[in-house]
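Both backbone and side-chain heavy atoms feed into the values below; hydrogens, waters and symmetry mates do not.
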Amino acid sequence: MQPIKEKEDAPFSYKVKVGHISANPVTVKLSADPAELVGLARLWKVEAVKRLDSELQVARWKKDGVRIRGHVEADIVQSCVVTLEPVETAISEEIDRIYVPEGSRLARLVLDDRGEMVLDPEGEDIPEQFSGDTIDAGDAVCEAVALAIDPYPRKPGVEFADHVESTEADDRKPSPFAVLKDWKKPE
């Protein structure tokens with residue numbers, strides 16, 4: 001199985017033909033080239049993406065679904081929220097995604113007697129739907145890394161030491177009679 005690479009869709013896109021996927025898992029190794037790393041840095045709003053590598057197993061799931069499992073690693077550079085100095089972060093995430101074609105009975109939501117969705121927060125995710133004959137494995141890789149990026153990176157040992165939001169006296173409710181303390185009776 002050979003992934004089809006399409007750069008115009010997204011900074012990192014590897015389309016896999018669903019018709020070529022067998023029940024036996026096929027290993028696909030994806031790595032971003034220098035141009036893709038620049039595009040990913042722009043997409044994720046970080047200073048730089050130094051590396052993005054993944055190793056995925058792509059296989060059939062049930063009758064008409066596809067399962068993508070694997071591991072993703074990335075090295076990114078962000079700005080410290082305190083000092084604005086560069087902070088390098090290593091990301092290592094697992095991927096386990098299931099895709100089913102649009103209209104598949106496997107993608108139906110479970111509804112209760114009032115017509116509300118029944119979701120188990122500890123259960124498996126609902127399969128994602130795809131249309132056409134391809135799935136973008138690169139998109140799954142990008143999303144896994146994007147969700148792991150620290151929104152408030154800090155250099156080790158740096159803290160907001162000199163910043164105080166408010167004191168206990170500031171937080172205390174003022175007395176309703178405080179406005180009268182400077183009022184004097186006319187003489």
Inset, instruction - Working to the nearest 0.5 Å, report the span between CG of Asp139 and NZ of Lys15. - result: 8.0 Å
Inset, instruction - Look at the side-chain heavy atoms of Ile, Leu, Val, Met, Phe, Trp and Tyr, link any pair under 4.5 Å apart, and say whether Leu43 and Val72 land in one connected group. - result: yes
Legend entry - Arg42 and Pro11, any side-chain heavy atoms less than 4.5 Å apart: no
Legend entry - Ile21/Val16 under side chain to side chain contact (heavy atoms under 4.5 Å, CB included): CA gap, chis, key distance, verdict: CA-CA 8 Å; Ile21 299 171; Val16 178; 4.0 Å; yes
Legend entry - Backbone of Asp150 reached by a side-chain donor or acceptor of Gln78 within 3.5 Å: yes
Inset, instruction - With the side chain counted from C-beta on, respond yes when Ile68 and Ile135 share a heavy-atom pair under 4.5 Å apart, and no when they do not. - result: yes
Legend entry - Side-chain heavy atoms of Glu55 within contact of Thr27, under 4.5 Å: yes
Inset, instruction - Is it possible for you to say whether Tyr152 and Val82 belong to one hydrophobic cluster, with membership spreading through side-chain heavy-atom contacts below 4.5 Å? - result: yes
Inset, instruction - Would you check if Ile98 and Glu128 make a side-chain contact, meaning some heavy-atom pair closer than 4.5 Å? - result: no
Inset, instruction - Search all heavy atoms of Lys155 against all heavy atoms of Cys80 and return the closest pair with its distance. - result: N-SG, 3.4 Å
Legend entry - Heavy-atom closest contact (Phe12 atom, Glu36 atom, distance): CD1-OE1, 3.7 Å
Legend entry - Nearest atoms (heavy-atom pairs only) where Val77 meets Val46: O-CB, 3.5 Å
Legend entry - For the student: nearest non-hydrogen atoms of Trp44 and Cys142, plus distance: CZ2-O, 3.5 Å
Legend entry - Any Pro153 side-chain heavy atom under 4.5 Å of Val81 side chain: yes
Inset, instruction - Please name the pair of heavy atoms, one in Leu37 and one in Val49, separated by the smallest distance, quoted to 0.1 Å. - result: CB-O, 3.4 Å
Legend entry - Note, Ile149 side chain near Ile76 side chain (heavy atom, < 4.5 Å): yes
Legend entry - Lys29/Ser54 under side chain to side chain contact (heavy atoms under 4.5 Å, CB included): CA gap, chis, key distance, verdict: CA-CA 6 Å; Lys29 293 182 181 184; Ser54 63; over 6 Å; no
Inset, instruction - Give a yes or no on whether the backbone of Tyr14 and the side-chain of Asp136 come within a donor-acceptor separation of less than 3.5 Å. - result: yes
Inset, instruction - Apply side chain to side chain contact (heavy atoms under 4.5 Å, CB included) to Asp75 and Thr89, showing your working. - result: CA-CA 6 Å; Asp75 295 326; Thr89 306; over 6 Å; no
Inset, instruction - Carefully, step by step, assess Val18 and Thr134 under the rule side chain to side chain contact (heavy atoms under 4.5 Å, CB included). - result: CA-CA 5 Å; Val18 174; Thr134 58; 5.7 Å; no
Legend entry - Electrostatic pair Glu88-Lys50, nearest N-O below 4.0 angstrom: yes
Legend entry - Val141 side chain reached by Leu52 side chain, heavy atoms, under 4.5 Å: yes
Inset, instruction - Indicate the atoms forming the closest heavy-atom contact of Ile91 with Ala148, along with that distance. - result: CG2-CB, 3.6 Å
Legend entry - Arg67 vs Arg60 side-chain heavy atoms within contact, under 4.5 Å: no
